[in-house]
Amino acid sequence: MRFEGSNTYVATPDLMLAVNAAITLQRPLLIKGEPGTGKTMLAEEVANALGAPLLQWHIKSTTKAQQGLYEYDAVSRLRDSQLGGKDGERVRDIANYIVKGVLWQALEADKPTVILIDEIDKADIEFPNDLLRELDRMEFYVYETQQLVKAKHRPIVFITSNNEKELPDAFLRRCFFHYIKFPDSETMQKIVDVHFPGLKKALLKEALEVFFELREVPGLKKKPSTSELLDWLKLLLAEEIPPEALRSKDRKVAVPPLHGALLKNEQDVHLFERLVFMAKHNR
Amino acid sequence: MLIDFFLHLKAAKLPVSTREFLMLLEALRERLAGHSLDDFYFLSRACLVKDESNYDKFDRAFGAYFNGVTEIPGLEAEIPEEWLRQLMKKHLTPEEKAKLEKLGWDKLMEQFKERLKEQKGRHQGGSKWIGTGGSSPFGHGGYHPEGIRIGGDSAGNRTAVKVWENREYRNLDDSVELGTRNIKVALRRLRRFAREGAAEELDLDGTIHDTAQNAGWLDIKMRPERHNKVKVLLFLDIGGSMDDHIKLCEEMFSAAKSEFKHLEYFYFHNCIYDYVWRDNRRRHAERFPLHDVMHKYGDDYKLILVGDATMSPYEVLHPGGSVEYMNEEAGAAWLQRLLDKYPRAVWLNPEPERLWDYRQSIQIINNIFGGRMFPLTLEGLERAMRQLNK
């Protein structure tokens with residue numbers, strides 16, 4: 001199994017190498033990067049390309065490691081036992097009240113699966129440590145039913161992080177790591193081509209120039225990212241804005257139309273407008 | 001050969017482990033890298049480096065080991081711009097400042113346009129390109145007698161020695177969210193959750209457990225609500241020599257404000273004397289005598305002072321040493337009084353630790369604090385939080 005990129009996702013050679021290393025050596029791949037550079041998309045695309053089912057586990061601050069394995073639904077067992085009736089048999093077997101988590105589903109699947117553990121840094125600081133053995137050996141023990149769950153096929157694990165918490169060393173040592181850097185203009189062109197195949201060359205060229213210039217503006221709190229560029233292009237197309245409107249020849253600087261799609265922060269918009277104003281008057 | 005490579009990385013202070021090295025060898029045996037050095041670079045990086053802040057260190061070590069490899073792919077765009085930002089504040093000597101030619105206004109604008117055209121990436125230091133911290137007339141955070149500022153804060157080359165006039169200091173803005181995340185993580189070490197007060201919250205797990213024990217008879221368990229018990233008293237130095245560190249302090253302050261339920265803050269200037277204030281714009285009208293502050297907040301508060309402690313030693317040691325007014329008692333006496341009242345106290349200093357030895361006032365204050373002065377870096381914050389928790 002090898003991942004070679006897909007026609008909806010542009011992967012740089014270094015990213016491809018990291019993904020293939022993770023697939024071949026069956027170790028988790030930890031992915032970091034600026035928001036909007038396609039960390040979550042990657043798992044979906046790899047799953048698609050390999051034809052493997054994708055199991056997603058989105059982490060919140062309250063998520064416990066145990067929830068990825070299984071949960072014992074004591075409340076419904078209690079309810080069943082108090083109501084009695086024809087469910088009487090069901091109550092006797094504790095296995096009826098074990099709810100399988102994402103990892104369990106992946107381990108017992110008949111073919112290799114792709115697991116996405118999304119935004120692992122949102123969880124409690126102990127969360128990665130609680131999953132060490134499970135991710136390493138791909139097996140765990142169910143205490144309620146005295147049962148050992150073992151992987152039929154080792155799943156391919158993708159983990160994304162936004163750097164909100166440091167991950168423990170022991171956990172990091174077991175992963176491959178890749179930092180998705182912000183695409184250069186060449187890669188960006190490929191990405192846009194993939195998403196908008198019919199886009200006029202002139203519009204794309206002007207738009208990319210404006211976009212990268214905007215990223216260069218110092219002091220922006222949130223730099224526009226790939227996903228924002230794609231949104232903006234979608235808007236430009238929908239509004240049928242001609243390429244010339246992005247940059248008028250006589251004035252070097254202008255506020256690009258629909259810039260609200262690129263700058264999401266009120267202060268950033270303000271700063272940007274001030275800079276444009278200054279540039280116009282200093283000429 | 002590769003063992004040498006591994007030891008070389010280790011010697012370059014990269015946190016690599018044997019386990020990761022074995023992983024790399026395994027990957028090589030699977031022929032993942034092919035025969036190109038580029039592939040080997042990417043593969044070894046994915047195996048051995050687990051933090052993008054170490055990418056640069058790895059690139060340098062890799063380049064040094066494979067001698068002759070001058071260009072490492074992706075190097076120029078690898079480091080996110082924030083890391084470079086204000087990384088290097090160049091302090092020029094007076095001679096250097098004099099040497100900088102004063103360009104005329106028209107010439108300046110012309111050069112600016114040209115360089116905007118020429119320059120492709122972000123630039124730091126140096127004396128030609130537009131960027132931060134350099135001595136080119138363009139960009140910000142640098143020094144040039146007659147320059148254009150492009151965004152950013154004003155340059156930090158202070159020349160005033162003493163502050164006599166009434167100045168309008170900037171209030172520390174606590175809305176800055178950028179970069180505060182990791183400070184929050186460090187501050188979180190201080191949090192101590194405790195359950196106290198009346199039982200008012202349903203303990204679901206306890207209820208289920210006890211109900212099961214009770215053979216199905218519902219047995220409801222309650223427990224007191226959990227809240228953060230830590231109380232923090234924060235004093236921030238503001239104005240004067242602290243202008244250089246305002247951004248750092250803003251981040252620290254905005255992180256602290258959302259992390260603790262009991263956070264009381266006050267401002268002071270250079271050293272603490274008999275009064276402090278809450279609002280910088282009304283500081284001369286609205287003062288809080290330090291005695292009142294100490295009476296109001298009990299000794300279960302943890303004391304954090306933030307300041308560069310850079311001043312003339314007189315300001316600490318002698319009555320009347322304050323740069324702003326005639327203080328009857330020396331700053332050292334007030335500091336000692338604070339420390340006697342609050343046994344758990346630290347001083348956070350935004351100046352780099354290696355400079356501390358060269359500034360007499362820093363040493364004096366560090367002595368008063370019994371060595372409990374820590375640099376305002378993530379690592380220093382963590383040490384400080386550990387100290388406060390002792």
Side-chain angles (χ1 to χ4, degrees), chain A residues 12-22 24-25 27 29-30 32-34 72 74-75 77-78 81-82 121 125 162-167 169-184 212-213 215-223 252 267 271 274-275 278-279 282-283, chain B residues 15-17 19-20 23 26-27 30-34 38-39 41-43 45-52 55 73-74 76-81 85 109 112-113 119 121-122 130-132 139-140 148 150-153 175-178 181-182 184-185 188 204-205 208-209 211-212 215-216 218:
Chain A
T12 51
D14 49 338
L15 176 60
M16 227 125 68
L17 198 93
V19 171
N20 284 324
T24 315
L25 295 192
R27 293 229 167 68
L29 175 62
L30 172 66
K32 286 196 212 168
E34 263 184 63
Y72 169 42
V75 178
R77 191 179 192 204
L78 187 66
S81 79
Q82 297 215 323
D121 53 326
I125 214 141
N162 273 326
N163 247 351
E164 284 191 21
K165 290 195 189 78
E166 294 269 314
L167 298 172
D169 274 354
F171 180 79
L172 291 175
R173 301 221 184 290
R174 287 166 167 81
C175 305
F176 284 99
F177 171 73
H178 185 79
Y179 182 86
I180 300 189
K181 69 178 182 206
F182 196 82
D184 50 19
F212 276 100
E213 264 169 36
R215 274 183 65 86
E216 291 296 315
V217 172
L220 284 190
K221 289 201 167 186
K222 165 78 179 74
K223 289 188 196 306
K252 271 212 114 28
Q267 279 154 298
L271 171 80
R274 217 170 48 212
L275 283 175
M278 267 166 48
N282 273 353
R283 272 168 21 92
Chain B
V16 288
S17 72
R19 191 194 168 102
E20 288 158 318
M23 194 155 98
E26 204 182 327
E30 298 286 337
R31 298 186 182 282
L32 277 166
D38 281 9
D39 282 357
Y41 163 75
F42 288 136
L43 184 67
R45 196 182 65 185
C47 288
L48 298 169
V49 189
K50 299 297 161 68
D51 192 350
E52 69 277 13
Y55 271 12
E76 62 284 340
E78 204 69 88
I79 309 155
E81 294 189 0
R85 190 174 183 75
M109 281 314 293
F112 176 55
K113 270 185 220 151
Q119 183 184 18
R122 184 187 176 80
I130 300 159
T132 54
H140 73 85
I148 307 177
I150 310 166
D153 301 318
S175 60
V176 182
E177 185 61 28
L178 199 78
R181 288 255 182 225
N182 29 17
K184 276 185 186 173
V185 175
R188 233 164 247 177
L204 188 60
D205 288 342
I208 291 167
H209 184 257
T211 305
L218 203 56

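- The candidate from Leu48(B), Leu32(B), Val16(B), Leu204(B) with the greatest count of non-hydrogen atom pairs under 4.5 Å with chain A is Leu32(B).
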* Asked: Does the pair Lys50(B) and Leu30(A) meet the rule for a side-chain contact (heavy atoms from CB on, under 4.5 Å), with working shown?
  -> CA-CA 8 Å; Lys50(B) 299 297 161 68; Leu30(A) 172 66; 5.9 Å; no

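- Of the listed residues (Ala18(A), Ala21(A), Gly33(A)), the one with the most heavy-atom contacts under 4.5 Å to chain B is Ala21(A).
- For Glu30(B), the part lying near chain A is the side chain, with the backbone staying farther off; criterion is any non-hydrogen pair under 4.5 Å.
- Interface remark: Arg77(A) contributes no atoms to any contact with chain B (heavy atom separation under 4.5 Å).
- For Leu17(A), the side-chain contact (heavy atoms from CB on, under 4.5 Å) partners at least two apart in sequence or on another chain are Asp39(B), Phe42(B), Leu43(B).
- For Phe177(A), the ring-ring contact (aromatic ring centres under 6.0 Å, His included) partners at least two apart in sequence or on another chain are Tyr55(B).
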* **CA sep, side-chain torsions, deciding dist, call: Arg174(A), Arg19(B), side-chain contact (heavy atoms from CB on, under 4.5 Å)** => CA-CA 8 Å; Arg174(A) 287 166 167 81; Arg19(B) 191 194 168 102; 3.4 Å; yes

